[in-house]
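Have a look at the structure below, then the notes.
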Protein chains: 2
Amino acid sequence: MAALKRRRTPPFPGRGHDHARCVDVALGEATRLCARDGQRLTPLRRRVLELVWGSHQPVGAYAILDRLKQDGRAAAPPTVYRALDFLLARGLIHRIASLNAFVGCARPDGSHPAQFLICRRCGTAAEIDDPRLAAAIGRSATESGFAVDAPIVELRGLCAGCRRPAAG
Amino acid sequence: MAALKRRRTPPFPGRGHDHARCVDVALGEATRLCARDGQRLTPLRRRVLELVWGSHQPVGAYAILDRLKQDGRAAAPPTVYRALDFLLARGLIHRIASLNAFVGCARPDGSHPAQFLICRRCGTAAEIDDPRLAAAIGRSATESGFAVDAPIVELRGLCAGCRRPAAG
DNA sequence: CGTCGGGTGTTATACTATAACATATTCTGT
DNA sequence: ACAGAATATGTTATAGTATAACACCCGACG
Ligand SMILES: [Zn+2]
Ligand SMILES: [Zn+2]
Ligand SMILES: [Zn+2]
Ligand SMILES: [Zn+2]
């Protein structure tokens, strides 16, 4: 019975949380990781990462493209897809297959499997990296003789905030 | 360990299995379920279901469209998407979000959450309906105050057959 | 008959993603 | 600083996935 109550960052950011800080932290981490690995976080890539982190709702490639154009920058689909590919390869963002959209990675410690809770009302995609869930997945697959190398887990539903009927 | 070895239909069909039988069973079940629920499994819908069941590899909407045209039938994207929507709503097929493709449901007992093992080599998508995995998912989500209503679980990797290097 | 609703046909278009090639920028060694 | 290589971005075109909007058909029911 929940014998172990580990301290974990709650997956869903509060409504009034300081999102500018989310962005700062993410960009800082990205800068650090790229420097460490000898990868180039160019202005374009950095800007795309910033746009992906615009909120906790996954954002489509063409929405990013529009924002880049607003910046006055020359941009076409490959511009943004290449930046996204770089960020995906570095584990700085995730792709949400069921939404054809992208979201910043909450724990960009190298590439890692991620599980998402996606609220159908507010659109927030919260990353949970639950080792027990990962283990359960591994067990299920192994029983079928299957070797998983890229688990996709996207759970649609209603987040705690959106389950409460708007206010008290 | 593995104290309980339940009898289950193996998720991955054998290489030489009688696939015509898979199709027969699926079409029979579909006919039965639609009759039971007062739904109309029209010739078009039945044919699309048959094409989705063409193999155990998920098939794209436009591939189905091509086949319909080969049948000599007038067909355009809405033709196939409408049929697919019907089959999805009846729980007779599943959509694989990560592939933008569709696959027949192995257990069309009403709409249900499904988990898939998708082999990156042979392309087979095997449906596993593992209650323990579903429970683990539910637990994880609940801890975050999240109410899941549509879990998407698509595990990419290598199936047992494809892990063996081609032959003995 | 008449009309009503579901299913399908038809046309057009939106949205997502990549191929192929040109140009620019950065890095490396001299 | 320079040449040459490698990486990154710009540019144009096109492939692939999905839906909107409206027209037509056809069987059910009065
Ligand atoms: Zn935030
Ligand atoms: Zn929400
Ligand atoms: Zn089969
Ligand atoms: Zn396989």
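Sequence lines set the chain letters: A, B, ... in the order given, protein chains first and strands last, and positions in each chain run from 1.
- Paired with A:Phe116 under the rule side-chain contact (heavy atoms from CB on, under 4.5 Å), one option of A:Ile128, A:Val103, A:Leu99, A:Val153 passes, and it is A:Val103.
- Here B:Arg82 does not reach the OP1 or OP2 of C:dG9: none of its side-chain N or O atoms lies under 4.0 Å away.
- Taking 4.0 angstrom as the limit, A:Thr42 places none of its side-chain polar atoms (N or O) nearer than this to OP1 or OP2 of D:dA8.
- Between B:Arg45 and A:Leu99, the residue anchored closer to the 5' end of DNA chain C is B:Arg45, taking for each the nucleotide with the nearest heavy atom.
- Whole-Å rounding puts the A:Arg46 CZ to D:dA8 C1' distance at 18 Å.
- The distance between atom CD of B:Gln39 and atom C1' of C:dG6, rounded to the nearest whole Å, is 11 Å.
- Contact between the side-chain N/O atoms of A:Thr79 and the OP1/OP2 oxygens of D:dT9 is not found at any separation under 4.0 Å.
- Nearest to the side chain of B:Ala61, among D:dT7, D:dG10, D:dA18, sits D:dA18.
- Taking the six-membered ring where the residue is Trp, B:His19 and B:Trp53 present tilted rings, their angle falling between 30° and 60°.
- For B:Asn100, a side-chain nitrogen or oxygen approaches OP1 or OP2 of D:dA18 to under 4.0 Å.
- Counting only distance, with no hydrogens or angles, the side chain of A:Arg120 and the backbone of B:Asp149 share no donor-acceptor pair below 3.5 Å.
- Atom OH of B:Tyr81 is separated from atom P of C:dT10 by 19 Å (rounded to the nearest Å).
- Although no hydrogens or angles enter the test, the distance criterion places no donor-acceptor pair under 3.5 Å between the side chain of B:Glu154 and the main chain of B:Ile96.
- Using modelled atom types, no side-chain atom of B:Arg95 and backbone atom of B:Leu84 make a donor-acceptor pair closer than 3.5 Å.
- A:Glu50 contributes no side-chain N or O that, together with a main-chain N or O of A:Val23, makes up a donor-acceptor pair within less than 3.5 Å.
- Atom OH in A:Tyr62 sits roughly 11 Å away from atom C1' in D:dG16 (whole-Å rounding).
- At whole-Å resolution of the value, CG in B:Leu65 and P in C:dT10 are 12 Å apart.
- Distances were taken from every side-chain heavy atom of B:Pro77 (C-beta onward) to each of D:dT17, D:dT19, D:dG10; the shortest belongs to D:dT19.
- Regarding B:Ile96, its CD1 atom lies at a distance of 14 Å from the P atom of D:dT17, rounded to whole Å.
- The distance from atom CZ of A:Arg73 to atom C1' of D:dT9 is 9 Å, rounded to the nearest whole Å.
- Counting only Watson-Crick and G-U wobble pairs whose two distances sit under 3.5 Å, DNA chain C takes part in these stems of three or more pairs: C:1-30 with D:1-30.
- Note: CZ (B:Phe102) to P (D:dG16) measures 16 Å, nearest angstrom.
- The shortest side-chain heavy-atom distance between B:Arg40 and B:Phe86 does not fall under the 4.5 Å cut-off.
- Residue whose closest nucleotide on DNA chain C sits further toward the 5' end, between B:Ala75 and A:Asp85: B:Ala75.
- Of the two residues near DNA chain D, B:Arg40 and B:Gly60, the one whose nearest nucleotide lies more 5' is B:Gly60.
- The main-chain N or O of A:Cys105 is never found under 3.5 Å from a side-chain atom of A:Glu127 such that the two would form a donor-acceptor pair.
- As judged by a 4.0 angstrom heavy-atom cut-off over every strand, A:Ala76 is placed among the base-contacting residues.
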